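Since the model is a prediction, treat every value here as computed from it, not as a measurement. Chain letters run A, B, ... following the sequence lines, proteins first, then strands; residues in each count from 1.
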Amino acid sequence: MLLFDDPYEQVLETIRDGYPDANKTDLTYDRSGHADFSFRMFRLKKQINTSFDQIASKVTAEILKIPAVRKVAQESGYLNIFLRDEFFLESVDKYLSERKQYPDTFQDPERVLVEHTSTNPTGPIHIGRTRNSIIGDSLARILARYGYRVSTQYFVNDSGKQVAALYKGFKMYHPGEPPAIDSLLSGYQKIYSEIKDDREKEKDLIEPVIKRYESGDSEIIGEIREYCTIVLEGIRKSLSSIGIKIDDYVWESNFLRGTELEAVFEMLDNRLKDENGATYIELDNETKVYLRRSNGTSLYIARDIAYHIFKALNSDWIIDVLGEDHKEHAARLSQILRDFMDFKPRLDVVTYSFMSLEGSRFATRRGNIVSLDDLLRRTEEEALKIVREKRPDMMEEKLSEVSKKVAVSSVRFNIIRVNSSKPVDFKWKEALSFDGDAAPFIMYAYARARRILEKAGEETSVDSRTYLKEERALSRNLYLYPIILQDAVSNLKPELIATYCLDLAKAFNEFYANCPVIGSGPEMGKRIMLTSAFSKILRDAGSLIGIEFLEEM
RNA sequence: GGGCGCGUGGCCCAGUCAGGAUAUGGCAAUAGCCUCCUAAGCUAUAGAUCGGGGGUUCGAAUCCCCCCGCGCCCGCCA
């Protein structure tokens, strides 16, 4: 939960004193530039038959009594409410100096579990999959900032067809070798191209592995686990290179071998139906969801149910980040948990649309992919070229630090800024461009602010209460941070933070161009405070979506 | 064929949940701004039948219906 001063509630209460029917949506934080808050009287007028003039005159005097309010002006059906110019900065600064952050957070006892990435450990992570990780990690950071107790989890598939192929491929093409990441992956790719169009061959090669695995052959179970661990280590490294660390890795095979899966079938017992030895459950709309094959082995959804029951043990709110191809699966899973099982936690599934590469589909086996490592490396090279050009004075070591951070931030920002339900077509030209609505714009604004503070010191005595329009716009933007955070949490939309960072950086750049800080006499104290608040809040918000900040760039 | 999602200037994106005041920024284009805190910046100009058609409403990018285009799903795969 967030703590901050918000006159919104007071204004709404005041309106309700006069018109109890006034709805939360009748009063808005104005975005059009007409006011700070707009009371949209035309909405209220639907319910009660009074003129705008009457409504306005009934509440105006009372609203004006609220200390933060400076002016109330009626414009036809709108009642525009203006706050005092200095309110924003003063209220933000109060939190920053007394509580060290704006907004302050009240620790929420709710435990949130975000599951993301969970890609099969059969290859390096590519940028399509990375969208999952970036969304999941940003959500986890945002929820933690809001005050929840958050942890993240990766569900490792180490028991299906994919990993059986990983095992078999390595054994076939690299017999006798000690397992290593390159040989594991090349073995997997080779066997995959052999079996992809040949079901018989697949059956011959893969099924015996699965049979041995499911019969509890501890040698093969151990070896597969070992191979998966090696590939997973590569994925873990790639993720860590863009600042993503996942708290726990949960192995799917644990549910197979433990009692969890059996427990699921027991819990669902009176719902289970049989068809030629296979077990299924029937949903309201007569769809059959198969949980167990006629050969007795379990299906993915059954194991996922077991996994969710496990998650529920330590969570009040579970969030799954999944590709759009899993939407149907997720819907069925939620329905089964909700309708047929005693599942307590809140469950949300955040899905995202696929990414394509220069207009065509990502295809792992056709080599039409870009791995996260490749993307990051090329982005870093490009960034290095640009910094070198812009800062010929910079030391080599510094150049490398700057280009690294620019690259990480850019990769994450380009993906997170787009609404997750929209498809993203990855284009090298765009990925390697750092102009405009991009991470460096945000990082650069921060570096500028830090330079001013470095030169001007952190003086905080404020002599001026007059605000130029750039100063006011920046102050108001700072003040709005908790509102945006709240919105991002309640809608699980990390992209709102990205948009906010851009808006905030833009407001600062306009301030920077028009309001000199150093040597501005009576304005200086206020402008230093504004610059300082800006640097802290931008860094706070940007960090939630993985932007890495630099004092100099 | 059925289900889910997406469609906003040449290109990318915001706004759609909770309908309202001249539809947000950026890229590319054109014209300006560094004797002054880093020009990865700022200012200005130009560019939009908000996929199309109906409907609801005083008012629709936003809600409802139909259609078109694209993506995903429709396995005893994951």
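Residue-level contact check: A:Asn491 touches the bases, meaning some heavy atom is under 4.0 Å from a base atom. Among the atoms of the strands shown, none is found under 4.0 Å from any heavy atom of A:Glu454. Residue A:Ser38 is in base contact, counting any heavy-atom pair closer than 4.0 Å across all strands shown. Contacts of A:Asn276 with the nucleic acid, taken as non-hydrogen atoms under 4.0 Å apart, include base atoms. Residue contacts for A:Arg303: at a heavy-atom cut-off of 4.0 Å it reaches the sugar-phosphate backbone alone, with no base atom in range. Nucleic acid contact class of A:Leu496 (heavy atoms, under 4.0 Å, all strands): sugar-phosphate only. Among the protein residues, A:Asn80 comes within range of the nucleic acid bases, having at least one heavy atom under 4.0 Å from a base atom. If you check every strand for non-hydrogen atoms under 4.0 Å, A:Asp30 touches a base.
One finds no salt bridge joining A:Arg31 and A:Asp503 here, because no Lys/Arg side-chain nitrogen approaches an Asp/Glu carboxylate oxygen to under 4.0 Å. A salt bridge between A:Arg378 and A:Glu382 is absent, with no side-chain N of the basic residue lying under 4.0 Å from a carboxylate O of the acidic one. One finds a salt bridge joining A:Arg539 and A:Glu551 here, because a Lys/Arg side-chain nitrogen approaches an Asp/Glu carboxylate oxygen to under 4.0 Å.
B:C58 and B:G19 are spaced 15 Å apart, taking the P atom of each and rounding to whole Å. As rounded to the nearest Å, B:G7 and B:A61 have C1' atoms that lie 12 Å from one another. Taking the P atom of each, B:C77 and B:C63 are spaced 39 Å apart, rounded to whole Å. The gap from the C1' atom of B:U62 to that of B:G51 amounts to 16 Å, rounded to the nearest Å. Comparing the C1' positions of B:G32 and B:C70 gives a spacing of 42 Å, expressed to the nearest Å. If you take atom P in B:A31 and the same atom in B:G69, they sit 43 Å apart, rounded to whole Å. For the P atom pair drawn from B:G71 and B:C27, the interatomic distance equals 30 Å after rounding to whole Å. Annotation: B:G3 and B:C13 have their C1' atoms spaced 28 Å apart (nearest Å).
Using Watson-Crick or G-U wobble geometry with both donor-acceptor distances under 3.5 Å, B:C6 finds its partner in B:G69. When both distances must be under 3.5 Å, the Watson-Crick or G-U wobble mate of B:A18 does not exist. Remark: B:C34 base-pairs with no nucleotide in the shown strands. Criterion, Watson-Crick or G-U wobble with two distances under 3.5 Å. If you check B:A48 for Watson-Crick or wobble pairing at under 3.5 angstrom, you find it has no partner at all.
The only member of A:Phe52, A:Phe39, A:Phe42, A:Phe37 that meets ring-ring contact (aromatic ring centres under 6.0 Å, His included) when paired with A:Tyr78 is A:Phe42.
Between A:Ser253 and A:Asp158, the side chains place a donor N or O and an acceptor N or O closer than 3.5 Å (distance only, hydrogens not considered). Side-chain contact, A:Arg293 with A:Thr297: a donor N or O sits under 3.5 Å from an acceptor N or O.
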Can you give one letter per nucleotide of nucleotides 35-45 of chain B, going 5' to 3': B for a protein heavy atom under 4.0 Å from the base, S for sugar-phosphate only, - for none? --BBSBSSS--

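In the set B:C11, B:A78, B:C76, the nucleotide with an atom closest to the side chain of A:Glu430 is B:C11. You'll find that the side chain of A:His34 is closest to B:U22, out of B:G19, B:U22, B:G15. When the nucleotides B:A18, B:C72, B:G26 are ranked by their closest atom to the side chain of A:Thr25, B:A18 comes out on top.
In terms of phosphate contacts, A:Lys422 brings no side-chain nitrogen or oxygen within less than 4.0 Å of OP1 or OP2 of B:G5. The phosphate of B:A21 (OP1 or OP2) has no side-chain N or O of A:Arg40 nearer than 4.0 angstrom. The phosphate of B:A78 (OP1 or OP2) has a side-chain N or O of A:Arg293 nearer than 4.0 angstrom. Distances shown here put every side-chain N or O of A:Arg31 at or beyond 4.0 Å from the OP1 or OP2 atom of B:A14.
By the 30° and 60° cut-offs, the orientation of the rings of A:Phe255 relative to A:Phe155 is tilted.
Closest-nucleotide positions on RNA chain B for A:Gly277 and A:Val424 were compared, and the one nearer the 5' end corresponds to A:Val424. In this structure, A:Phe42 and A:Thr499 both approach RNA chain B, and ranking their closest nucleotides by distance from the 5' end singles out A:Thr499.
Only A:Glu324, A:Asp325, A:His326, A:Lys327, A:Glu328, listed by number, bring a heavy atom of residues 320-329 of chain A to less than 4.0 angstrom from any atom of RNA chain B.
Both the sub-6.0 Å distance and the 45° axial angle are not jointly satisfied by A:Arg448 relative to the ring of A:Phe508.
A donor-acceptor contact under 3.5 angstrom links the side-chain atoms of A:Ser294 to the base of B:C76.
Using a 4.5 Å heavy-atom threshold, the side chains of A:Ile224 and A:Leu166 count as separate.
Residues forming a salt bridge (Lys or Arg N to Asp or Glu O under 4.0 Å) with A:Lys429 (at least two apart in sequence, or on another chain): none.
Remark: aromatic rings of A:Tyr29 and A:Tyr8 are close, center separation under 6.0 Å.
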